[in-house]
Visitor: 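Have a look at this one.
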Amino acid sequence: MTKLQVSAETWLYDLRNPTRPALVYNPFSQEEDSDDDEEEEENDDFTGTCCKFNHNGTALIVSYNNDTIYLYNTHDNTEYRRKYRGHRNHDTVKGVNFYGLNSEYVMS
C-alpha cells in the first residue's frame, strides 16, 4: 500500500531545470504568536488547496486546508508578506484568487 505524502510547502519550479524547486513557500517555517481562539493543529494536517499568481507574477497567494490564506513575494521564499484571516478551509475545499486590474483585492 502506498501512503500519500502531503506537505504545507508550495513548490515553484523553473521549467528550464525541473529537477528541484526554484523556490519553496511554507508559512509554518516562520514562528509566530497565534491569536486564533481555536486550538492549534499539527502542521502535518495542512496542505495547499489553491494557489494563484497576481497580474504581473510578483505575488503568489496560497490557500491551505485547516488554515487561512498566505501572500508571498515570488522573488524570495523567506517568509509570507501577509496572512488573511476570516477564511477557514475546513469542511470544503475553497479557492483563492486575486481580483482587480492590478490584483488589488483578494477573494476566496
Side-chain angles (χ1 to χ4, degrees):
M1 176 182 250
T2 303
K3 181 179 178 184
L4 177 64
Q5 296 292 322
V6 294
S7 172
E9 295 177 338
T10 301
W11 297 359
L12 178 65
Y13 284 90
D14 181 342
L15 293 178
R16 297 167 293 185
N17 183 12
T19 57
R20 61 185 180 147
L23 292 171
V24 178
Y25 305 96
N26 184 345
F28 308 110
S29 63
Q30 292 177 239
E31 292 186 24
E32 67 176 36
D33 295 330
S34 176
D35 56 321
D36 287 341
D37 293 336
E38 297 180 29
E39 209 174 286
E40 289 294 317
E41 299 182 39
E42 291 295 318
N43 290 347
D44 294 341
D45 294 337
F46 295 100
T47 56
T49 58
C50 184
C51 62
K52 299 285 183 166
F53 287 99
N54 69 342
H55 75 286
N56 62 2
T58 59
L60 176 69
I61 195 153
V62 183
S63 172
Y64 292 89
N65 74 317
N66 292 325
D67 200 31
T68 55
I69 297 169
Y70 296 86
L71 177 70
Y72 300 95
N73 179 338
T74 56
H75 300 293
D76 72 39
N77 62 342
T78 57
E79 59 187 37
Y80 60 86
R81 291 192 317 191
R82 177 163 292 170
K83 181 177 182 176
Y84 296 94
R85 299 182 187 271
H87 157 98
R88 200 64 164 176
N89 202 0
H90 183 60
D91 292 328
T92 61
V93 174
K94 295 179 178 65
V96 64
N97 211 336
F98 289 99
Y99 179 72
L101 292 176
N102 295 310
S103 304
E104 57 267 35
Y105 301 101
V106 171
M107 41 190 285
S108 170

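Numbers here are sequence positions counted from 1. This one's a predicted model, so the numbers in the text were calculated from it and none came from an experiment.
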Visitor: Could you give the distance from OG1 (Thr68) to CZ (Arg85), rounded to the nearest 0.5 Å?
Guide: 6.0 Å
Visitor: For the residue pair Tyr72 and Tyr25, categorise the inter-ring angle as parallel (less than 30°), tilted (30 to 60°) or perpendicular (more than 60°).
Guide: tilted
Visitor: With no hydrogens and no angle check, is any side-chain donor or acceptor of Ser63 less than 3.5 Å from a backbone partner on Gly95?
Guide: no
Visitor: Measuring from atom OG1 of Thr10 to atom CD1 of Ile61, what distance do you get when rounded to the nearest 0.5 angstrom?
Guide: 11.5 Å
Visitor: Got a sec, which residues hit side-chain contact (heavy atoms from CB on, under 4.5 Å) with Tyr105, two or more places apart in sequence or on another chain?
Guide: Tyr99
Visitor: Let me see the working for Thr49 and Tyr64 under side chain to side chain contact (heavy atoms under 4.5 Å, CB included), right down to the final yes or no.
Guide: CA-CA 5 Å; Thr49 58; Tyr64 292 89; 5.9 Å; no
Visitor: Could you pull out all donor-acceptor pairs under 3.5 Å where a side-chain atom in residues 50-60 meets a protein atom, sequence neighbours excluded?
Guide:
{"residue": "Asn54", "atom": "OD1", "partner": "Gly57", "partner atom": "N", "Å": "2.9"}
{"residue": "Asn54", "atom": "OD1", "partner": "Thr58", "partner atom": "N", "Å": "2.9"}
{"residue": "Asn54", "atom": "OD1", "partner": "Ala59", "partner atom": "N", "Å": "3.1"}
{"residue": "Asn54", "atom": "ND2", "partner": "Asn56", "partner atom": "OD1", "Å": "3.1"}
{"residue": "Asn54", "atom": "ND2", "partner": "Thr58", "partner atom": "OG1", "Å": "3.1"}
{"residue": "His55", "atom": "ND1", "partner": "Asn102", "partner atom": "O", "Å": "3.3"}
{"residue": "His55", "atom": "ND1", "partner": "Ser103", "partner atom": "OG", "Å": "3.3"}
{"residue": "Asn56", "atom": "OD1", "partner": "Thr58", "partner atom": "N", "Å": "3.3"}
{"residue": "Asn56", "atom": "OD1", "partner": "Thr58", "partner atom": "OG1", "Å": "2.8"}

Visitor: Would you compute the distance between atom CD of Glu79 and atom CG of Asn73 and round it to the nearest 0.5 angstrom?
Guide: 10.5 Å
Visitor: Under a 3.5 Å distance rule, please check whether Tyr84 uses its side chain to pair with a backbone N or O of Met107 as donor and acceptor.
Guide: no
Visitor: Testing the basics here: between Thr74 and Leu23, what is the closest heavy-atom pair and its distance to 0.1 Å?
Guide: O-CD1, 2.8 Å
Visitor: Please list every donor-acceptor pair under 3.5 Å in which a side-chain atom of residues 12-19 meets a protein atom from a residue at least two apart or in another chain.
Guide:
{"residue": "Asp14", "atom": "OD1", "partner": "Arg16", "partner atom": "N", "Å": "2.9"}
{"residue": "Asp14", "atom": "OD1", "partner": "Arg16", "partner atom": "NE", "Å": "2.9"}
{"residue": "Asp14", "atom": "OD2", "partner": "Arg16", "partner atom": "NE", "Å": "3.3"}
{"residue": "Asp14", "atom": "OD2", "partner": "Arg16", "partner atom": "NH2", "Å": "2.7"}
{"residue": "Asn17", "atom": "OD1", "partner": "Thr19", "partner atom": "OG1", "Å": "3.0"}

